[in-house]
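Residue numbers begin at 1 in each chain, while the letters A, B, ... track the order of the sequences.
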2 protein chains.
Amino acid sequence: MPGPPHVRRPATLASLAAELGVSRTTVSNAYNRPDQLSAPLRERVLEAARRLGYPGPDPVARSLRTRKAGAVGLLLTEALSYAFRDPAATGFLEGLALACEQANQGLLLVPVSPDHVDVTAVHQAGVDGFVVYSVREDDPHFMAVLERPVPTVVCDQPTGVEGVDRVGVDDRAGMLGLARHLTGLGHRRFGVICMRLAAGHNDGPASAQRQESITYPVQRDRLGGIRDGLAEVGVDWADVPVIERFEHSVEAGRDAAEELMTAHPDLTAVVCTSDILALGALQHAGERGLSVPEDLSVTGFDGVPEAGRAGLTTVSQPVLEKGRIAGELLLQRGDRNRSRRVTLPTELVVGSTSAAPRSDQRFFSGW
Amino acid sequence: MPGPPHVRRPATLASLAAELGVSRTTVSNAYNRPDQLSAPLRERVLEAARRLGYPGPDPVARSLRTRKAGAVGLLLTEALSYAFRDPAATGFLEGLALACEQANQGLLLVPVSPDHVDVTAVHQAGVDGFVVYSVREDDPHFMAVLERPVPTVVCDQPTGVEGVDRVGVDDRAGMLGLARHLTGLGHRRFGVICMRLAAGHNDGPASAQRQESITYPVQRDRLGGIRDGLAEVGVDWADVPVIERFEHSVEAGRDAAEELMTAHPDLTAVVCTSDILALGALQHAGERGLSVPEDLSVTGFDGVPEAGRAGLTTVSQPVLEKGRIAGELLLQRGDRNRSRRVTLPTELVVGSTSAAPRSDQRFFSGW
DNA sequence: TCAACGCACCGTAACGGTTCAGAGGTTCAC
DNA sequence: GTGAACCTCTGAACCGTTACGGTGCGTTGA
């Protein structure tokens with residue numbers, strides 16, 4: 001009946017070596033390079049380790065020496081727990097996790113304090129590289145990541161940062177296709193619901209000035225795609241109300257739709273820059289007694305599973321693939337010459353939430 | 001236009017100190033203890049750091065010295081990506097992430113190779129503790145975790161491990177309540193669909209012998225709860241077919257239900273040990289032309305959001321809370337006297353998938 | 001018989017920090 | 001004038017490991 005193994009200081013490679021009368025190198029080799037010492041000696045070392053309760057080489061000390069942490073850091077600006085709630089983020093994470101486990105690398109979720117800005121966690125993270133998921137261009141945590149001397153891959157945004165790889169989709173083209181789908185159906189009176197456009201809460205209409213100073217490139221591109229599509233049929237962007245929400249949730253979408261439809265009851269199509277918001281808009285349409293798509297068309301972006309079940313018309317993007325590629329980009333960077341850019345295709349998914357406006361609605365569209 | 005900052009070896013605390021003609025301690029203090037040196041000198045240090053491209057103290061070296069990694073390791077036996085697909089796991093992770101970010105700790109997802117057993121990742125992980133989520137009693141990765149000299153918290157299973165904290169629910173009592181609900185409605189002919197019971201694929205009936213050698217305590221308890229509930233009304237457990245599935249997915253549940261109902265078409269209630277499996281069973285009932293709950297009652301376990309939307313009768317457990325508490329247990333272990341056990345309550349949620357069997361069905365129940 | 005070779009193991013020098021016990025110097029109260 | 005308290009900074013030890021370049025010795029081929 002041995003006492004607790006903590007009678008003295010925990011065993012180290014050195015103490016084990018001393019106990020056995022061999023060098024530290026030999027003990028190290030017993031673990032890392034079995035071919036560098038004879039089998040009997042190796043067994044002696046391992047046996048002594050068992051006896052002394054030595055748990056094997058300390059991972060941190062090894063990391064220091066080998067300059068490898070064996071993990072990839074993931075930075076999300078949202079509170080960490082958000083990653084598990086947003087289905088688009090979840091899909092991305094699944095893909096990233098896939099790539100990591102294939103390379104036998106850990107995935108470190110870097111904590112980001114939701115309230116006050118504190119980048120110590122970024123400095124603290126023992127990782128070989130960072131994946132940054134969809135953050136603001138001027139995000140302080142992202143700045144801290146750039147200071148770290150490790151490779152970095154950005155997903156979605158920010159775009160065009162020097163020296164970092166990026167994976168994303170052509171948000172503008174995706175939205176342009178969707179807009180054409182709607183204008184082709186005959187829609188002319190649009191409203192838009194979008195995610196946050198820049199730092200700071202701005203729950204309400206996004207003024208022209210606000211739209212000028214967007215710091216989330218993805219939102220900029222998606223709005224730009226709609227604008228371009230509408231311009232093709234002569235709809236002036238200035239006449240299109242855009243409602244912004246800080247929170248990204250079904251509830252926020254519902255709420256935004258209420259604000260939008262109350263101020264503009266004659267809209268025939270509500271374009272949302274995400275499926276989550278669109279699901280909320282659908283919910284509000286029901287509450288308002290509007291039939292979708294007869295009275296109102298509603299569209300989203302992302303192509304999350306929930307949207308599929310709801311029959312939402314949306315622009316689908318390969319979120320899992322995005323995550324997988326982000327991981328591979330980071331882990332397989334053979335040449336680190338210059339930044340690579342991967343743009344994945346989007347697909348217009350026409351569901352049951354978009355249709356031609358009613359003829360009496362269309363009648364009004366002439367003004 | 002400065003050249004790339006990688007002209008020479010990257011700057012270290014020592015090189016910075018040499019450059020400035022101060023001691024390393026002073027540089028270290030400039031970062032960690034601003035009150036230990038004069039403001040002007042501190043500014044000089046920081047300025048030099050900026051100039052030389054010094055990114056601040058290396059996190060790994062700091063971890064080695066301070067014996068703190070600033071991260072918590074999470075071990076799942078399933079492939080890492082599974083964590084983002086199973087809604088019960090996702091809820092748990094959200095809670096755990098919440099606790100971590102509150103303590104400003106990272107969350108390291110430890111990669112587990114799905115195919116061959118390889119515990120190096122566990123040894124590799126630079127963490128201050130482990131959370132183990134629902135693994136087999138004899139899981140080799142778990143064994144490797146126990147060898148690491150860091151605190152460990154187990155969620156759900158394995159139970160009763162010496163020296164580790166555990167958070168979970170009373171699975172047996174939860175299932176017992178559910179069983180009573182069904183027997184109270186008049187059901188007597190049951191079938192059961194359960195998750196994997198031990199190592200190795202066994203897609204099909206779980207023999208009595210298999211049930212004797214369960215290595216997943218949660219499944220053992222849930223089955224035990226059903227058995228006890230049925231025994232109260234005189235239903236012999238030996239007469240209850242139990243179908244096991246290795247995969248945990250809606251599809252597996254559907255498939256298992258098909259196997260079950262084909263072999264036993266006279267069942268009036270199918271009890272599943274998880275909501276995911278139950279959703280699959282519901283799907284199969286529809287395909288078979290059975291009305292739920294008129295022709296067949298179907299129940300689950302967990303209380304995931306999807307189950308709520310489907311109106312599933314189930315035993316709901318606070319998954320998010322479980323994750324949060326697991327994190328707190330690990331991070332706030334003031335006294336480390338002995339293992340703590342937290343058991344959270346479950347709640348029977350009666351939905352629209354359970355009802356009394358039809359009178360003609362009940363007629364048969366007399367034999 | 002002897003140089004060449006391979007095996008098994010070893011010593012030293014990092015890896016990049018933090019910590020602790022002071023060393024000097026200055027300020028202040030008495 | 002003096003001792004105590006304080007402020008700022010330093011030197012050396014330490015964290016636990018792996019990389020690198022050996023050394024000693026038995027074997028082998030000419």
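The salt bridge (Lys or Arg N to Asp or Glu O under 4.0 Å) analysis of residues 321-332 of chain A, with sequence neighbours excluded, yields the pairs A:Asp156-A:Lys322, A:Glu321-A:Arg324, A:Arg324-A:Glu328. Among pairs with a residue in residues 137-147 of chain A, those fulfilling side-chain hydrogen bond (donor to acceptor under 3.5 Å, both in side chains) read A:Thr77-A:Asp139, A:Arg136-A:Asp138, A:Glu137-A:Arg220, at least two apart in sequence or across chains.
Taking atom CG on A:Leu41 and atom C1' on C:dC7, their separation rounds to 13 Å, with Å as the unit. Atoms CZ (A:Arg42) and P (C:dC7) sit 18 Å apart, rounded to a whole Å. Between A:Leu13 atom CG and D:dA19 atom C1' there is a gap of 14 Å when expressed in whole angstrom units. The CD-P distance, from B:Gln36 to D:dT10, rounds to 13 Å in whole Å.
Nucleic acid contact for B:Leu37: sugar-phosphate only, since backbone atoms but no base atoms lie under 4.0 Å from a heavy atom of the residue.
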Next item on the list: Give the B/S/- string for nucleotides 22-28 of chain C, one per nucleotide from 5' to 3', where a protein heavy atom under 4.0 Å of the base yields B, of only the sugar-phosphate yields S, and otherwise -.
Entry: -------
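Non-hydrogen atoms lying under 4.0 Å from DNA chain D are contributed by B:Gly21, B:Val22, B:Ser23, B:Arg24, B:Thr25, B:Thr26, all within residues 21-33 of chain B. Within residues 58-68 of chain A, the residues that place at least one heavy atom under 4.0 Å from DNA chain C are, in residue-number order, A:Leu64, A:Arg65, A:Arg67.
Considering only residues two or more places apart in sequence or on other chains, A:Thr152 meets the side-chain hydrogen bond (donor to acceptor under 3.5 Å, both in side chains) condition with none of them. Evaluation of the side-chain hydrogen bond (donor to acceptor under 3.5 Å, both in side chains) rule for B:Tyr31 yields no partner, not counting sequence neighbours. Listed by chain and residue number, B:Asp170 satisfy the side-chain contact (heavy atoms from CB on, under 4.5 Å) test with B:Thr343 (two or more places apart in sequence, or in another chain). Remark: B:Asn32 engages B:Ser28, B:Arg62 in a side-chain contact (heavy atoms from CB on, under 4.5 Å) (not counting sequence neighbours). By the ring-ring contact (aromatic ring centres under 6.0 Å, His included) test, A:Phe84 pairs with B:Phe84, sequence neighbours left out.
Residues B:Arg67 and A:Asp58 are paired through a salt bridge, judged by an N-O separation under 4.0 Å between the basic side chain and the carboxylate.
Counting non-hydrogen atoms of other residues, nucleotides and ligands closer than 6.0 Å to CZ of A:Arg33 gives a total of 12 or fewer.
Comparing the axis of the opening five pairs of the helix from C:dT1-D:dA30 to C:dC30-D:dG1 with that of the closing five pairs yields an angle of 40°, rounded to 10°.
At least one donor-acceptor pair under 3.5 Å links the side chain of B:Thr90 to the backbone N or O of B:Ala83.
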What donor-acceptor contacts under 3.5 angstrom involve side-chain atoms of residues 15-24 of chain A, with partners at least two apart or in another chain?
| residue | atom | partner | partner atom | Å |
| --- | --- | --- | --- | --- |
| A:Ser15 | OG | A:Thr12 | N | 2.8 |
| A:Ser15 | OG | A:Thr12 | O | 2.9 |
| A:Ser23 | OG | A:Thr25 | N | 3.3 |
| A:Ser23 | OG | A:Thr26 | N | 3.3 |
| A:Ser23 | OG | A:Thr26 | OG1 | 3.3 |

